[in-house]
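Here's the structure, in structure tokens; my notes come after.
Proteins get letters first, then strands, A, B, ... in listed order; numbering begins at 1 in each.
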Amino acid sequence: MANTLKPVDVAVLGLGATGGVAVLPLARAGLKIAGIEAGTWMDPHRDFHADEIYNNVRRQVTTSPKAQREIPTVRTGPGEKARPPAAHPMMNAIGGTSIHYWAQSWRLKAWDFKTRSETTQRYGAAALPAGTTLEDWPLTYDELAPFYDVVEDEVGVSGAAGNIGGKLTGRGNPFESPRAKEYPMPPLRGAGFTDHMAETARKLGWKPFAPPAAINSQPRKGRSSCVYHGYCGSGGCHVSAKGSTAVTTIPEAQKTKNLTIFDNAHVTRIETDANGRVTGVRYLRNREEFFQPAKVVLLAGYTYENSRLLLLSKSKPYPKGLSNNHGQVGRHYFGHWNSFVTALFPHDINTWYGLPAQGTTCDEWADDNFDHSGMGFIGGSSLHVMTERHPIDAAAMNTFGRAPGWGSAWKKFIQENAGRQSNTYIQTNTFPYETMYLDLDDEITDPLGDPVCRINTGGMRENERLATQNANSKMEQWFQAAGAIQVAQTPPFVPGVSTHAYGGTRMGDNADTNVVNRWGFSHEAPNLGVLGASVMGTSGARNPTLTAQALAWRTADYLVKNWKSLSS
Amino acid sequence: MLDEHTLTRRDLLFAAAFVPVAALTASAQTGPVALTPGEMKTLEAFIDRLVPTDELGPGAVESRAQLYIDRVLAGPNANEKAEFLEGLEAVNAYAQGTQGAPLADLPAEKRDLVLKAIDENTAEGLPQGRPFFNRARRLTLEGMFGDPYYGGNGAFAGWDLIRYPGPRPAVDAEMQRMDAAPAPYDHSAWGPQYK
């Protein structure tokens, strides 16, 4: 029998990027919260190091047992055996993946919220990707903008506004949707190489800018500014300059004494009553089973776990899984398309130090920022050039066909070129499709015997393939103009297990095609909310975290304002 | 993000099985622990050709990459030890069969012929040659270019070779100029005793 704990107002499942944000408005409103987290606290002095083997080879920051024991499997679709993929860089901890993410903190564009109607209006319905289940979001950019403002302030985002109230500032991203005000902090500084790339982009007639990041560019709220030491990606920040929820919103919420954290707690099921309301959460901690009763449950796992836990939580009112009587849990899933272009320069570029968020971005080829007539695709990609290079990774670089892979000739090649290669990060607008979805694997389980999540990719997408190819060729043009002597492109590939995974519990007004309503609450179980990129119906051509956090704050805010009706 | 897309399942299994830091520190004080002296000789003969000592400076062996490999096979990568050593022995047998002597007894140019055949997939009767080659190469790079705390990169030879300026605690704008060549900061992230 499970130990039944003292009832709380709200149980938040997962204290990562989104659950860690949502607890703050709830706690400030005086609601009693149980924050149930599969991981625990990480310690900057014990756990975060300037060591490539520790961070990137052994992945001692980014791997924690629960997430690693339930890595989703991947297949194209029915009739094919799903295989466990290479790895899963998502993790469990208080702060979750916001501890080691790159902290690029973008707002989506107004277009991302209305892609279907905008595309139909500008290019005709035939321009929509074949087989897509794309819908307009049930809210506009303008409705989300105030929540972006709040979260940017709470986690601390550095950046340059490109558009304040409809007026271009001449700095920042000229393609962004209007902001009410400047960022809380100026952007991170550029490095010599990224400044050179920015200068080159300007010569091409593009408008490069320093992208926004949840990293302090100056000391703020008792946290240090960034030290640019080159161990940000896959590592935690030893000076807490990165605005992980573990050092921002979660400690703020704890100050109210309304948040109780239950760490190392492996949630197994969300329970419901005969009327279809959720009653609380069952979890395992140190081999003991607990039941945490709650008036409202906010599910804030990563995208794969959100769908999986709902599908596992079967009951009489929900025989196909919680909130799945319309068969929509797992649907409208997609992994963010991205691609990599690398360039070799004839001189050292000195990108060893810095961080992936320190860089230059161009948005000319993203979203609907250019005329797509006759191009055969909608959307596009942001192009980002950055710093942070580690020695093992550098030594393992592509030799661009200029040297063998070993021996003295190879040694001479890396001696000369290890410090001359630039990497990029190219993110493409990605859309949901009928044949792309999550379900439960029929063979592979976690150690408790629960099936893992299974990704059905549906295979290659012509729309995203063409968009990626277009972006790769623009990136190549940019590098060549900057003086690269050789450029290599990775061919477009179908995403598998992704750190940018969307959908599965999509947000929308229509209960036949969406799991949660415009406020993030289930269409079926009225006191169940879902947080995370799993509610997003489009990706944007940029990192999802800030949007998922703004949506999480908005859902929590709605819960506070409608507490009586939602909690009873 | 790049490395997240190039991970192998094996990397992940190792990561999941990592041993506590205290145990690693303990192992760092002792000599070889996974390989027999004979295996160590063969390994050195192999990685010495992957990254030779030459006019550009120390190679893999002088940088103690073999010590790194030995320690990880004894500790965090213990689950690949058997497969790795089988691969090493198979390569040794191939050297005996085609060049007339175990790898460690062959001159550099004959060892190069063995490595070349494996690298180009022309080594007959050696199906495990290519996977072993890739794995040995990867571990050699980790040993030669990783933090000396783990046993390799002796005297920071790997970092100096590629002009990696070292894990400074903080970096200013001047050090990030494109034409700047920051002076080597040859320090382990774990303390000055590791070098």
When [options] are compared by non-hydrogen pairs under 4.5 Å with chain B, the top option:
options: Gly407(A), Pro356(A), Gly496(A); answer: Gly407(A)
options: Ala418(A), Ser408(A), Ala191(A), Gly419(A); answer: Ser408(A)
options: Ile53(A), Val239(A), Asp195(A); answer: Ile53(A)

Segment of [X] engaging chain A (4.5 angstrom heavy-atom cut-off):
X: Asp48(B); value: neither
X: Thr53(B); value: backbone
X: Pro169(B); value: backbone
X: Arg177(B); value: backbone

Given heavy-atom pairs under 4.5 angstrom as the criterion, report whether the side chain, backbone, both or neither of [X] touches chain B.
X: Tyr231(A); result: side chain
X: Thr194(A); result: neither
X: Arg389(A); result: backbone
X: Glu416(A); result: backbone

### Message
Looking only at side-chain N and O atoms, does Tyr150(B) offer a donor or acceptor that is under 3.5 Å from a partner on Asp51(A)?
### Response
yes
### Task
Evaluate the side chain to side chain contact (heavy atoms under 4.5 Å, CB included) criterion for residues Ile414(A) and Leu161(B): first the C-alpha distance (whole Å), next the side-chain angles of each, then the deciding distance (0.1 Å), finally the verdict.
CA-CA 8 Å; Ile414(A) 56 147; Leu161(B) 174 70; 4.0 Å; yes
Taking all atoms of both residues into account, what is the closest heavy-atom pair of [X] and [Y], and its distance?
X: Ile162(B); Y: Ala394(A); answer: CD1-CB, 4.4 Å
X: Trp410(A); Y: Leu50(B); answer: CE3-O, 4.2 Å
X: Lys412(A); Y: Leu56(B); answer: CA-CD1, 3.5 Å

Highest number of heavy-atom pairs under 4.5 Å with chain A: which of [options]?
options: Val72(B), Asp147(B), Asp112(B); answer: Asp112(B)
options: Asp119(B), Leu115(B), Asn153(B), Val171(B); answer: Val171(B)
options: Arg168(B), Arg49(B), Lys116(B), Glu55(B); answer: Arg168(B)
options: Ala173(B), Ala181(B), Ala189(B); answer: Ala173(B)

Is there a donor-acceptor pair under 3.5 Å between the side chain of [X] and the backbone N or O of [Y]?
X: Asn350(A); Y: Met175(B); result: yes
X: Tyr353(A); Y: Asp172(B); result: no
X: Arg163(B); Y: Gln415(A); result: yes
X: Arg137(B); Y: Gly405(A); result: yes
X: Lys411(A); Y: Pro52(B); result: yes

### Query
More than 12 foreign heavy atoms under 6.0 Å from CD of Glu124(B): is that the case here?
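Not buried by this count: 12 neighbours or fewer within 6.0 Å.
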### Query
Would one find more than 12 heavy atoms of other residues, nucleotides or ligands at under 6.0 Å from atom NZ of Lys41(B)?
no
### Query
How are the rings of Trp352(A) and Tyr164(B) set to each other: parallel, tilted or perpendicular (split at 30° and 60°)?
perpendicular
### Message
In terms of relative ring orientation, are Phe133(B) and Trp406(A) parallel, tilted or perpendicular, with 30° and 60° separating the classes?
### Response
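Because their plane-to-plane angle is over 60°, the rings of Phe133(B) and Trp406(A) count as perpendicular.
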### Query
side chain to side chain contact (heavy atoms under 4.5 Å, CB included) between His347(A) and Met178(B): does it pass, once the steps are laid out?
CA-CA 9 Å; His347(A) 51 79; Met178(B) 188 155 70; 4.0 Å; yes
### Message
Within this structure, what is the CD1-CZ distance for the pair Ile392(A) and Arg138(B), rounded to the nearest 0.5 Å?
### Response
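Rounded to the nearest 0.5 Å, the CD1-CZ separation comes to 6.0 Å.
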